[in-house]
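Some notes on the structure that comes next.
Reminder, nothing fancy here: chain letters follow the sequence lines and each chain counts from 1.
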Amino acid sequence: MTLRSVFARFGLIIIIVMFFSFFSYVSPVFLTFDNQVNIIEASAIVLILALGMTLVVAMGGIDLSIGIAFDFGAAFAVVALKDFGAAWYVACLIGVMGGALVGLLNAILIVGLKISPFMATLGTFFVGSSVERVFTNGGGPISYRRMPQEYRDLAVGDVFGIPTEVIIAAAVCLVYFVVLERSIFGKRIHAIGLQKDAANVAGIPVRRYMFVAFILASATCAIGGLIGSANIRMFTPLAGFSYLLDAIAAVFIGAAIHPKGRPNVIGTLVGVLFLGMIGNGLNLMGLDFNLKAALSGIILVSALALAVAQQRFR
Amino acid sequence: MTDTLLKMCDITKSFPGVLALDAVDLEVERGEIHGLVGENGAGKSTIIKVLAGVYKADGGSVDIDGETLADVTPRSVHDAGVRFIHQELHLVQHFTVTESVFMGQEEQTLLGLSARAMRAKAEAFFETALGTQLSGKTLIRDLGIAERKLVQIARALIDAKAKLVVFDEPTAPLTSGETDKLFAAIRKLKEQGIAMIYVSHYLAEITDICDRVTVLRNGQNAGRFDDVFDNSAPAMISAMVGREIDELFPTTEHSAAAPRLEIQSLCADAFNDVSLTVHRHEIVGIAGLVGSGREDLIDTIYGLKAPSSGTLKIDGIAQRFRAPSEAVAAGIALVPRDRRHDGLVLDMSVSDNVNLAALDSVSRWTLENRRASHAVATEMSETLDIRPRNIAATARLLSGGNQQKVVLGRWLNKGADIFILDEPTVGVDVGAKVEIYQHIENLAKDGVSVLVSSSDPGELIGLCDRILVMLRGKIVAEVSTTDLGVDTLVALTTGGAVQEVAV
Ligand SMILES: Nc1ncnc2c1ncn2[C@@H]1O[C@H](COP(=O)(O)OP(=O)(O)OP(=O)(O)O)[C@@H](O)[C@H]1O
Ligand SMILES: [Mg+2]
């Protein structure tokens, strides 16, 4: 094996291990059980959004509007609870449907009007942002302090000591694994992502699959929005945007560690945990806030660049 | 005495799990045309790529002009005077002929690029070296495929340092008229003392132009013919496949049955007022030059393109396909002409590719049942003799002919009432051809309607019950294949003898 092929296959994994050892070395707290649980808990929402992104990227697309789907999920649910007194599970359902609406717009633009996923979801992102601002009279949060405890528990509750949000994220992850890696739906999605024309000639209804996939992805991201709004008991406009880069990075890191370089569910999980570990580790080092933000930005972009480079070295 | 130009000795090359070349020798004499033949996956492209420096051999030596190359790299081989004409045409559509010929090797004067000198040189080269006339100002996109091939050749040879030119299946995309043009150029090169290696599955071409022939089988030398006669083909075939092949085409008569596919006055950009009917148990051929509208007709029937008017009926029911998935649902299957682009998902395994159209039948509650899908793929690779016999192999790494078998296997597995085969045997070796023809024949016997579009007249005549000839977007003749000669068919496709032959 040449150095080059070792890098192509294991580059990112080596770097992940290096960071892990580094943090364990510099911070006595890093390796403790409680801190590891912290990392996992902090990664739950990112994981959910990154999974939606994995579906879209595996199909050969990209979704820049996952933050909007996150916001819509939160907004629809909070409004349903506050203004319509909906039961918590009804509010969850409405939130997910709100997110699906975002996906529907993407699907219409991409499948119906044949706009590239990049441009279409960027458009959805701008339109969605404006809608959020107009709806909140310029961007003020909609808070609802007296939300039902069950809803609140989505973020702060636990089942047998395991935080609910971790359970939800794990469940979504499991479903995605089965759907994307084990079902014939997933096989077809991968075929479309690898070679759309060949998938089309093989009789796969490519347009229908793309339509469904964009809606599914957005609906998934809305689940993240539910947890987010339950956590802070309000809907904050444009809050979802902050997850975009992490989600994209996690998907590409995940693809880079896959033997065939494909976006995949397990890889995304590893990518999300890696990013969570970086954030946590930098925190523990007690760096200045701005320095920390800059550092994590640099690490994230480098990881992304490395993931892409690693693909090229194959 | 012999005068050896290229001597490849004991070349060995293995890929993970495959011994592609096992101590293969290849010797080419100065000024000869040396044929290289063998079954799909025999190792022809691999030895060419070893010579080109694309793959590094595990063992063996390469001598050019009596000197052993210490390191076989694209660079060193080029410097030694070896040129490659790849199967794909890497030409830029909107470049002129001159620009294409000199791309990357422009001639500079003190005043910059000397456009006029280059053009004159290019035109002179076409005239004297290739025996054809071509204006240096023509745009590539206005040229036919044969002329583009000539441009590709000129590009490789213009520096006049070439001693050996390697052609890997150069005629696969050409019609017979175009092939003649290419052969004229090849003979002209030979007169100038340039040696050539010629890889092809068309043995008629091999016996036509080659002086000597090396046969490969399973990555080993399987014989060399130092004298090639017009009737050497059977002996070569048996060396290639290790057995005799007496009948290329199965001979069965199909009794006429009820019509299945009926097309009436179908129109689109590239063709006009096309009507045709394919019955059950029937194999119908479509002949025509590239650009005759044949390709678009196939795409339109399969729902890849929309017709502007006309009707398409299956079993008497009018259909309108907006996408191939609807055509598939109505019982149509297409083996497309461009297998690498439209046929295979190259980065998926053989197993996934075979199962892609019929995933429902290997799933339980929408989850893939891997045992079932692997069983299907294993069975298909046995039936079609797909090599290597490894269903987990990535489709991209299979040799051309084996890739074609994978696409065919997908549809044999899925099953369909109407099979459309577009250039079904391009790049497929004789042995595999016979098998593919037999499978097509079996389909017809089972009641399937088959439509074959091909640029190989012999194939159409041997395989089909009747042939529709397309010329400039119209069906200009319909001929029965009984007693039809290749010459007649070629004349019809080129418009040389437009005559309605009643069936
Ligand atoms: N890069 C590769 N990795 C793995 N296996 C390969 C690779 N390239 C070729 N092979 C295998 O090596 C063998 C020889 O392939 P090769 O392409 O030389 O055949 P060929 O004689 O050119 O066949 P064809 O007539 O179908 O083009 C095949 O079994 C093929 O699958
Ligand atoms: Mg080959």
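Both the backbone and the side chain of Leu359(B) come within contact range of chain A, each with at least one heavy atom under 4.5 Å from a heavy atom of that chain. Residue Arg364(B) does not touch chain A at all, counting heavy-atom pairs closer than 4.5 Å. At a 4.5 Å heavy-atom cutoff, the contact between Leu346(B) and chain A is made by backbone and side-chain atoms alike. If you measure heavy-atom distances from Thr394(B) to chain A, the contacts under 4.5 Å come from the side chain alone. Proximity to chain A is limited to the side chain of Trp411(B), based on heavy atoms less than 4.5 angstrom apart.
By the 6.0 Å contact criterion, OH on Tyr89(A) is open, its count of non-hydrogen atoms from other residues, nucleotides or ligands being 12 or less. No more than 12 heavy atoms of other residues, nucleotides or ligands shown are found within 6.0 angstrom of CZ on Arg322(B). Other residues, nucleotides and ligands contribute more than 12 heavy atoms inside 6.0 Å of the CG atom of Asp58(B).
Interface remark: of the candidates Ala191(A), Ala199(A), Gly186(A), Ala191(A) forms the most heavy-atom pairs closer than 4.5 Å to chain B. Annotation: maximal heavy-atom pairing with chain A below 4.5 Å, among Asp347(B), Asn355(B), Asp360(B), occurs at Asp360(B).
Side-chain contact between Val179(A) and Thr366(B) is absent, with no heavy atoms from C-beta onward closer than 4.5 Å.
Between Arg182(A) and Glu368(B) there is no salt bridge, since no side-chain N of the basic residue sits under 4.0 Å from a carboxylate O of the acidic one.
Atoms CZ and OG, on Phe185(A) and Ser363(B) in that order, are 14.0 Å from each other to the nearest 0.5 Å. To the nearest 0.5 angstrom, Lys260(A) atom NZ is 5.5 Å from Ser349(B) atom OG. Taken from CD1 in Ile184(A) to CG in Leu367(B), the straight-line distance is 8.5 Å, to the nearest 0.5 Å. Taken from CG in Asp197(A) to NE2 in His341(B), the straight-line distance is 4.0 Å, to the nearest 0.5 Å. Note: Arg208(A) CZ to Ser325(B) OG = 6.0 Å, rounded to the nearest 0.5 Å.
With Gln195(A) contributing its side chain and Asp342(B) its backbone, the two residues share no donor-acceptor pair below 3.5 Å.
Pro336(B) and Val201(A) get closest at one heavy-atom pair: CG-CG1, 4.0 Å.
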